[in-house]
Amino acid sequence: MKPEYQEPNIDPKLLAPYNPTETERRIYKMWEDSGLFNPDICVEKGYTAPDAKPYSIIMPPPNATGTLHMGHALGLTVQDIFTRYKRMNGFRTLLLPGTDHASIATQSKVEKEIQKNEKKSRHDLGREEMLRRIDEFVAGSRKTITEQTKIIGTSCDWSREAFTLDKERNIAVNTLFKKMYDDGLIYRGHRIVNWDPKGQTTIADDEIVYEERKAKLYTFKYSKDFPIAISTTRPETKIGDTAVAVNPDDTRYKDLVGKEYDLEFCGVQIHIKIIADKEVDMEFGTGALGVTPAHSIIDWEIADRHNLPRPQVINEYAKMMLGDERLLGKKTTEAREIIVEWLRSESLLEKEEDITQNISTAERTGGIVEPLPKLQWFVAVNKKIPGKGKTLKDIMREAVADKKITILPEHFEKTYFHWIENLRDWCISRQIWYGHRIPVWYRSTDAHGRQNGKSSEIETYCGTTAPEGEGWEQDADTLDTWFSSGTWTFSTLGWPNQTKDLETYHPTSLMIHAYEILFFWSARMILMTGYVLDTVPFHTLYLTGVIRDNQGRKFSKSLGNGIDPIEIAEKFGSDAGRMALIIGAAAGTDSKIDENKIKGYKNFANKLWNITRFILSYQEGNDAQADFSQSVYEKEQYEAWQATLADVTTDIENFRLHLASEKLYHYSWHTFADILLEDAKAVFLSDDQHAKNIRFQFLITLWKEVITALHPFIPFVTEEIWSLLPKDEQEKDAILMVSVWPSQRINKQ
RNA sequence: GGGCGAUUAGCUCAGUUGGUAGAGCAGCGCUUUUACACAGCGAAGGUCAGAGGUUCAAGUCCUCUAUCGCCCACCA
């Protein structure tokens, strides 16, 4: 006869399905209140040895432009897994959080909102008011981001939180700028920038959208006396030509190279030199390129190599600033018509073809980008650093080539080297207001009343604070946001002060970010750390892939397919979200996520919950002190788990989180639950009290180890289960987060 | 144009130093048995893109081809 079913005498919350939302908020608060995210407190309370090896991760600061998405959630999960794992392995573990001011992105976001709501531009508000409004917006963003970071379960030390534009980081940025300036590595010079006439601002390369458009390619001669015809889609710029370039191997023009001509072109006197340059494609058009230095990046570089003059033809409003009354002040498109008409009337136009071309437009305003020469600040990457005998580029290359930094997955090292080889001087000035203002001041010597008799000169001062005296005016530009990001691993630890944190946690152990920003960010961190500290910012760089929706599309605002991690937390629990992001996502590979997958891991959390319920329902009457080490079945099964655990540990140590998490998932569900619990039922229904004691002790011991090993991956539910399990004297007070990783436990015995 | 990668079950993807092809989801059949139906048991499903090579042995290493994707440069 079957025994009557009786409700087991266990914590009543185990009788209901697991409720992640309620549990997760409560558990995070408990962790935070314990203070144990801070490694100093872990030492103070005796969970970490005072002489423990440090392990540090500085969190990539998310842009303070709004909210976190699933890509951030993946990054934070990976960081948190390593942090929790190392903490459990006795390291003095620091995960330092922060946010990025993201200068251009943030300013244009706020500008857009103000434009939409108040119909005002930043010029209407003025610099000071605009900055105040941006600060206000950023404060809100940072609050949201902090909340999201907590919801994901990130065990970071909030007492050390940093912001790329706070006072401490500003000191670091200015100190570094001045050092580079004094070393001659930062200089000011003209360069062609992407100017957006519509938005009246320069824009970054990655804010350009290439659009295919129909255009006319005109082939003509400057004048009847000129021997070569050239082709262009922009005849209006040709009044700024100073050379015609041909390929050095082009036999057609060989004899003409070196000759110079004075010509009149549509009413403008031009001087054209014929030069040979390898950049010229013999196959295109006539094989001869009219060089317009001021309005084409390629031509500017050719002019660099051949020392050509660079007259500017087009101004910031995309209007003509050269030429006679026919052209002066006209829009570029009108000037083009006028010049083509003139060419026709002079019979200089040889050919007119329809072609399609890629035209650069500004992502934010849709305006056609006009390449214009502007005065900018640069970091010289190919110049020898005084006293070091090598260049910044060398520093970047050597860090990876000499294996001081390992990039995962490895094939990105090739991409990295390829990028380094093609690197040009880094333009660090931006014509926007939000950011670290360039720490350079100017005044005219005239204005100050000195240097009598001489013509006025500009005096320049570079320093970490404003210079003494009258009449100084600070450079209006701000720094590229990546300039401050480059200092992130050491400025967050207190540099330029020689702090205890800097000494303890730098170089950091691991950096984790999406491969998309490898060049923007990690390369710059390597550059700056090598320059300033003669070391690397981190030992290992773990690149995550891009998270896409179930159709393989990137998440974006315009598609409206974004998933807020908070939404996931509320629907399925952050534990489930974390598992879904980690399992099957090897370093550097893109992955797709959809709710079905996350739902599967919500079920997993519930499975863990029910396993616990099953075991604890046999707690009463079964001795938890029994020794199972001599019992064949238990010994065999325990050894099998130890093998799995060793495997999982190796996977984590080798950054194979996708394998480690899947093995633990599989073991918990299909070995522990499906086999061990099923086997145990027969024992618990028998009358053999000795066997029951041993089996119960075995299950509870093993389950505690499994829960512990799962904790870095799925921290909330495991912490909650841990609080319900019987514990020995040693474990009694400890929360799971600061408990010892199981294989270590064995080693210590 | 230069560089990097991918192609494995219906779908999404693992597969570590070469050693008998794996998971999750979906689908199919059975089971509402006292942890869990957010479950269990069972079966089915693959010439590992194609061709060639190295090897005792290739999803894995090499060469070529095809298709797809990403990054960089960008056409005067």
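Throughout, protein chains are lettered first and strands after them, A, B, ... in sequence-line order, and every chain is numbered starting at 1. Just so you know, these numbers come straight off a predicted model, no measurement behind them. What's counted below: heavy atoms across the whole structure, side chains too, no hydrogens, waters or symmetry copies.
The nearest whole Å value for the distance from the CG atom in A:Asp651 to the P atom in B:rA14 is 15 Å. A straight line from CE of A:Met579 to C1' of B:rA14 spans 14 Å, rounded to a whole angstrom. Counting to the nearest Å, the P atom of B:rC74 and the CG atom of A:Asn194 are 9 Å from each other. If you measure from atom CG of A:Leu217 to atom P of B:rC75, you get 13 Å, rounded to the nearest angstrom. Between the NE2 atom of A:His411 and the P atom of B:rG69 there is a distance of 18 Å, rounded to whole Å. When the P atom of B:rC75 is taken as reference, atom CG of A:Asp299 falls 9 Å away, rounded to whole Å. Separating the CG atom of A:Leu423 from the C1' atom of B:rC72 is a distance of 12 Å, rounded to the nearest angstrom. Distance CD1 (A:Ile420) to P (B:rC71): 19 Å, rounded to an integer number of Å.
Across all strands, A:Leu677 comes closer than 4.0 Å to base atoms (heavy-atom distances). Residue A:Ala585 is classed as having no contact, given no heavy-atom separation below 4.0 Å to the nucleic acid. Among the atoms of the strands shown, base atoms are found under 4.0 Å from some heavy atom of A:Lys681. Across all strands shown, A:Lys607 has heavy atoms under 4.0 Å from base atoms, whether or not it also approaches the sugar-phosphate. Looking at heavy-atom distances under 4.0 Å, A:Thr589 makes contact with sugar-phosphate atoms alone, never a base. No contact: A:Lys238 has no heavy atom under 4.0 Å from any strand. Residue contacts for A:Thr233: at a heavy-atom cut-off of 4.0 Å it reaches the sugar-phosphate backbone alone, with no base atom in range. Residue contacts for A:Asn654: at a heavy-atom cut-off of 4.0 Å it reaches no nucleic acid atom on any strand shown. At a threshold of 4.0 angstrom between heavy atoms, the contacts of A:His295 with the nucleic acid are absent.
Taking every side-chain heavy atom of A:Asp674 into account, B:rC41 is the closest of B:rU16, B:rC70, B:rC41. Taking only side-chain atoms of A:Arg613, from C-beta outward, the nucleotide of B:rU16, B:rA35, B:rC38 with the closest atom is B:rA35. Candidate nucleotides B:rC4, B:rA14, B:rG40 were compared by shortest atom distance to the side chain of A:Lys414, and B:rC4 ranks first. When distances run from any side-chain atom of A:Arg424 to the nucleotides B:rA76, B:rC74, B:rA39, the shortest one goes to B:rC74. Closest to the side chain of A:Trp669, from the set B:rA76, B:rG40, B:rC74, is B:rG40. Across B:rC74, B:rU16, B:rC71, the shortest atom-to-atom separation from the side chain of A:Phe519 is found for B:rC71. If you check B:rC41, B:rA23, B:rC75 against the side chain of A:Phe284, the one that comes closest is B:rC75. Distances were taken from every side-chain heavy atom of A:Asn596 (C-beta onward) to each of B:rC25, B:rA35, B:rC4; the shortest belongs to B:rC25. Closest to the side chain of A:Thr415, from the set B:rC70, B:rC4, B:rC36, is B:rC4.
The nucleotide B:rU47 finds no pairing partner, because no Watson-Crick or G-U wobble arrangement with both distances shorter than 3.5 Å includes it. Nucleotide B:rC38 has no partner under the Watson-Crick or G-U criteria, as no pair reaches both atom distances under 3.5 Å. Nucleotide B:rA14 has no partner under the Watson-Crick or G-U criteria, as no pair reaches both atom distances under 3.5 Å. In this structure B:rC68 sits in a base pair with B:rG5, meeting the Watson-Crick or G-U test at under 3.5 Å.
In this structure, A:Lys599 does not reach the B:rC38 phosphate: none of its side-chain N or O atoms is under 4.0 Å from OP1 or OP2. Residue A:Lys602 places none of its side-chain N or O atoms closer than 4.0 Å to OP1 or OP2 of B:rC38. A sub-4.0 Å separation between OP1 or OP2 of B:rG24 and a side-chain N or O of A:His670 is present.
Look at the P atom in both B:rC13 and B:rA49: the space between them is 15 Å, to the nearest Å. Separation of the P atoms belonging to B:rU16 and B:rC28 is 34 Å when rounded to the nearest angstrom. Between the C1' atoms of B:rG46 and B:rC11, the separation comes to 14 Å (whole Å). Comparing the P positions of B:rU60 and B:rG2 gives an interatomic distance of 27 Å, to the nearest angstrom. Comparing the same atom, C1', in B:rA51 and in B:rG19 gives a spacing of 25 Å after rounding to whole Å. Comparing the P positions of B:rU8 and B:rC61 gives a spacing of 16 Å, expressed to the nearest Å. Taking the P atoms as reference points, B:rG59 lies 13 Å from B:rG22, given to the whole Å. Nucleotides B:rC72 and B:rA23, compared at atom C1', are 36 Å apart to the nearest Å.
With RNA chain B read from its 5' end, the first of the two nearest nucleotides for A:Glu678 and A:Asp647 is the one closest to A:Asp647. Of the residues near RNA chain B, A:Asn606 and A:His658, the one whose nearest nucleotide (by heavy atom distance) lies more toward the 5' end is A:His658.
Residue pairs meeting the ring pair (Phe, Tyr, Trp, His ring centres under 6.0 Å) criterion with at least one partner in residues 576-608 of chain A, sequence neighbours excluded, are A:Tyr601-A:Tyr665, A:Phe604-A:Tyr665.
Using bins of under 30°, 30° to 60° and over 60° for the plane-to-plane angle, the ring pair A:Phe684/A:Tyr618 lands in the parallel bin. In this pair, A:Tyr667 and A:Phe672 present their aromatic rings tilted. The plane angle is within the 30 to 60° band. Relative ring orientation between A:Tyr222 and A:Phe265 is described as perpendicular, the plane-to-plane angle rising above 60° on a 0-90° scale split at 30° and 60°.
Judged by distance alone, the side chains of A:Thr292 and A:Lys238 do bring a donor and an acceptor atom under 3.5 Å apart. Checked by atom type, the side-chain pair A:Glu705/A:Gln642 shows a donor-acceptor distance below 3.5 Å. A:Thr406 and A:Thr540 share no side-chain donor-acceptor pair at under 3.5 Å. Under the 3.5 Å distance criterion, with hydrogens and angles disregarded, no donor-acceptor pair is assigned to the side chains of A:Gln697 and A:Asn693.
Ion pairing between A:Asp647 and A:Arg656 fails under the 4.0 Å rule for side-chain N and carboxylate O.
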